[in-house]
Each structure stands twice: as C-alpha cells, then as structure tokens.
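Inspection log for the structure reproduced underneath, given as structure tokens.
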Amino acid sequence: MLSIKNLNVKYDNIRVVHDVSLNIENGELIALIGANGAGKSTILKTLSGLIRPESGHIFFEGKEITKLPSHEIVEKGIIHVPEGRQIFAKMTIEENLKLGAYQQKDKNLIKEKMELAFDLFPILKQRIRQLAGTLSGGEQQMLAIGRALQGNPKLLLLDEPSMGLSPLMTQQVFDVLTKLKDSGITMLLVEQNAYDALEISDRTYILETGRIIMEGKSSKLIEDPKVKEAYLGGD
Amino acid sequence: MMDALTYFLSQFVNGVKLGSVYAMVAIGYSMVYGILRLINFAHGDIMTVGVYTILVLTTAFGMPLWVTVIISVIIAVFVGLSAERFAYRPLRSAGEETTLVSSLAVSIFLQNLLVMIFSPQRKAFLLSEQLTELHSFGTIRLSTMNIITFITVIIVLLILSHMIKNTRIGMAMRACSDNMNAAKLMGINITSVIVTAFIIGSALAALSGLMLAGEYKTIDPLMGFVPGLKAFCAAVLGGIGSLSGAVLGGFVLGIAEMLFAGLMPTEFTAYRDAFVFALLILVLLIRPNGILGTKDGGRS
C-alpha cells in the first residue's frame, strides 16, 4: 500500500532521516519506534507533505506522492494525526470534526463518520459545542483521532498518540486503535512507548539517529534480547 | 452650554465619519493578519493604487464613478495578489519577521512607483455633487458619501462575519488562523485560503481608498501609508484577527482622534497622530490583546 524508498530528509540543514526504506501492506498496523529525536516524526511529516525530502521516493497505492502538497495527499486517503494533537483549540468539537471531513462530499458518509467518532469516543458527543481547547489532554487526543477518521482514511499516520496521557487513557487510546485495525484501516504508528507499540502492531521498524536498524514481526522483536535491553527497559 | 454640546456632537460625528474609513481599512488588514500573522504594510499603498486608478479613469477617460470603482477593485486585487505571490509566498516558511520586512519593501516600492508615474504632487480628488450633497439631521450634517461609507462598513462586516462563521471557506480560514499546520493536515489548500484573504483584503483596500480620498479631497502617492498604520492600530486596538474588533477599533480611533483635534487647544492639533499612537500604547498596556481580543489573538 505504502512504500518508502531511500528517503533522506533534512531539518534545519541537518540530515535527520538517512536512507530509510519502509513498506506497509494493506490492513497492517506498523509501528515505528525509537528514542526522542530519532527522526520518527520527521518521517511522518514527510509522508503527509509538511516537509519536503532531500531525496528518495514515496509511493502510495502504486503512485508516487513524494512531491504532492499536503491537501492532495489527504485526498489520496493518507491522514496524519500529528504529535501534540494539534486540535483547533478556538473552534468547537463539532467544527473540529467537520474540518476533518473538509474534503468529503458525500453527506451520508460525513454523517456516518461523525457517528463513528461519537461511538468510539462518547465524550466528544457530550461536549460537541464546547471549544476544543477546553478538553483535557486525553480528550484532545480522542478528538484528534476522531477528527482524522472524518477524512475516511485508508492509511492513518499516528504520531505519539500516548504522549502525555495517563496509563488508563493510553490503554483506551490503544484499544481504539485495535478496533480501527479490525475495521480495516491501515496504520503507521510512531511511538516512544515501545512496549505498547510492539504489543499492538503486526510489524515494527526501529529507528536510531535517523536510520532503520531493525525490522520484523513485532511478536519476534518483543522477545529479542537486544530490543528488550534498548527499548523495553532491560529484563 | 448648548453650543458646547453641539460642538462636541459634531466632532463626535466627524469621528464616526473618519472612524468608518479606518474601520474599512482595518477589516482588510485583519483579514490578512488573521490568517498569515502578517502585518501587511503595503495594505495602505494598495489603497492608494486604487485611488489613483479611479482618478485616472474619471479624469482622463471620463468614465462614470461606479465603473472606475469596479476597475480599481480589480487592479487593487491584482496588486495584492502579486505582492502575495512574489513577495510573501516565497518567504512563507521563513518566519513572520521576514514577511513583515518584505511587506515594508512592497509598500516603499508601490509608493515610489506611484511617485514615478504621477509625480509626488498632490492632486484634487473631487466627488460628484450627488455624493458630496449634504443632508441635515438636526444639527448634524452628513454628505451622501458619509452615509454610503458608514452603511458599507456595516454591510461588509455583516457579510464577512457570516462568511467566516458559516461557510466552508470561512471555516477553513478560521482553521488556518488557529493552526496552519493542522489545517494542511485536514486537506485544506492553504494557498487558496491565503489567496482568498488577499482578494478580500485588497478589494476592501480599494473601496476604503475611495472613502478616504472623498474625505480628504486631495490625494498624493504617500497618502495611504499613515492611514494604513492607523488602521493597523485600529485592528490591534479592537483585538487583531477579530473583524468586529477591527471595526470597533476603527470607530474608537476615529472618534478619539476627532475629539482630541476638536477639544484640545489648537496648538495641540498638530499632534493628533501622536495622540492616536499614544492611545494605542495605553490601551495595549491595559488590554494587551485589544478590546475584543482573545488570549492569543484569534478570530472571534
């Protein structure tokens, strides 16, 4: 579905992504883990057209999307849930969700997706007229995911959805991701929370200072002694 | 006593007249600022371009005013979009200070271009008798143009507020103003949103140019800069990014300026511009986000 070939990305004139290649098959949940500053977010930003790569190619459903502007990438069905949620704080929950459906034309589909968001996150329905900035961190994350679903994603890019959340809230968010996976949405999940990411995903890529140093089935990696030591806090 | 009251009232009305012109310019300023966080110094000069277009078309070609207004709006939009395309868009990723400096450059460029074409000399700008005809309301006297200006400001405010609140492009504008990156991720083509803001802003600049020139009765190539600055003050005063704030700020500034000019001893009237800017500083010390401003300067 998505394939990244030899991607190099510079950020503030420093190369932060080195020769990264990555493949995602239809229906997979892929985790991309690594320490802070490893280049995970940069890869996602490049995928959604917020940053231009120095070199390399990105293909989605067989077509090159490397140089497309963000709004055309969204049109293809790649939706990015950014780091730090980036909800529209001064707009209502409802407006945030409507903005998620900005490119959707089919009224029934729009309605259906809004219902989906309310089913997954009932709190959003209760607070529909409230300004998004008044939500708690966890609720904002729910809104950010709910908003992304309005765009009818084929591939969902999730940047650190557990960041700053309580363990309970993190669990809720990961439960929702499992549900979304079951509903057939392909996902690329970037996480610092390596254990949860390995648990939930089919395959995992490990990024270190901008290079992919390991990849494989998550169920294998989670048992790998080196991975255990470096990313799962030893033992 | 009656005389003093009448005098005060007439100064107040003069303030409303001036204020509606400031309000009109300030709305245009605010449209662009709200989205790009760009203080477009060239806004006032786009206004001047509009005025000269009207002058040339009426005097040299004898066109009726309404036709020249339409053409001046088109030319102003063309100039505004060119500035956006060639002076601001290439710098969009470079930060707000850079585009700010670039807008000053565009301003100076337009002023000098107008000086080259039309000479720095002042020119008379006279509206037709129909527009300058005075109507009496008790002791207040207003020209047709004053009434048209005031009504236009209110209508423009209502239409734009409705657009920003209820339409798809309006929601996209608010989204861009709130968080540009997130707006991109929603699939909003931010370039087309920015272009829309410049079209509206420049068209309003042309209209406010006509209003300003009608009030001053003379025009010169540098005439737009100071009213542009004052309109920016008005927008800041009211709460920048907020359209109703811009209009409120425009009226507050216009009224304050005329009351100052009218009520202070004549030796102080030369300082009315200084007074306007002092007022801005004072208001911002008390309410840093302006009268209607929200905490981080968003639209309301």
Side-chain angles (χ1 to χ4, degrees), chain A residues 11-13 41 44-45 47-52 68-92 94-105 110 131-134 140 143-153 156-159, chain B residues 30 33-37 85 89-95 98 161-197 239-245 289-290 292-300:
Chain A
Y11 206 83
D12 281 341
N13 261 329
S41 292
L44 290 199
K45 284 180 189 161
L47 285 177
S48 56
L50 293 179
I51 306 178
R52 292 266 161 261
L68 293 185
S70 295
H71 63 273
E72 286 180 32
I73 292 174
V74 171
E75 216 175 301
K76 302 246 180 240
I78 301 180
I79 315 273
H80 184 163
V81 182
E83 188 178 4
R85 4 268 187 216
Q86 306 219 16
I87 45 125
F88 298 105
K90 282 169 276 179
M91 301 175 79
T92 65
E94 187 176 23
E95 286 172 329
N96 269 271
L97 292 174
K98 279 187 179 163
L99 281 164
Y102 190 75
Q103 290 193 347
Q104 302 301 314
K105 305 241 152 48
I110 293 175
L131 291 186
T134 63
Q140 289 188 8
L143 178 59
I145 296 173
R147 183 180 66 176
L149 294 176
Q150 307 307 304
N152 197 19
L156 205 51
L157 310 174
L158 296 139
D159 198 345
Chain B
S30 218
Y33 181 89
I35 290 167
L36 273 187
R37 298 285 180 272
R85 179 65 190 85
R89 195 184 301 177
L91 299 171
R92 207 185 279 162
S93 58
T98 316
S161 304
H162 171 82
M163 185 194 89
I164 283 172
K165 195 150 187 273
N166 301 317
T167 65
R168 186 175 133 94
I169 181 78
M171 198 157 75
M173 285 178 157
R174 281 188 291 146
C176 286
S177 166
D178 197 322
N179 186 332
M180 187 76 87
N181 262 333
K184 284 184 197 170
L185 297 179
M186 297 303 106
I188 295 170
N189 181 348
I190 59 155
T191 299
S192 69
V193 171
I194 292 168
V195 163
T196 308
I240 194 142
S242 149
L243 293 186
S244 26
N289 300 303
L292 296 183
T294 48
K295 222 172 89 206
D296 34 349
R299 285 192 181 288
S300 56

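So you know, we letter chains A, B, ... as the sequences are listed, proteins then strands, and number each from 1.
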Interface residues of residues 94-104 of chain A facing chain B - heavy atom cut-off under 4.5 Å: A:E95, A:K98, A:L99, A:G100, A:Y102, A:Q103

Stepwise side chain to side chain contact (heavy atoms under 4.5 Å, CB included) test for B:R174 and A:K90: CA-CA 9 Å; B:R174 281 188 291 146; A:K90 282 169 276 179; over 6 Å; no

CD on A:Q86 to NZ on B:K184, rounded to 0.5 Å: 10.5 Å

Inter-residue atom distance B:D178.CG - A:I87.CD1, 0.5 Å rounding: 8.0 Å

Segment of A:R85 engaging chain B (4.5 angstrom heavy-atom cut-off): neither

Shortest non-hydrogen separation from B:L185 to A:V74 and the atoms involved: O-CG2, 3.4 Å

Residues 188-197 of chain B: residues contacting chain A (heavy atom under 4.5 Å, by number): B:I188, B:N189

Residue pair A:Q150 / B:M186, side-chain heavy-atom distance below 4.5 Å: no

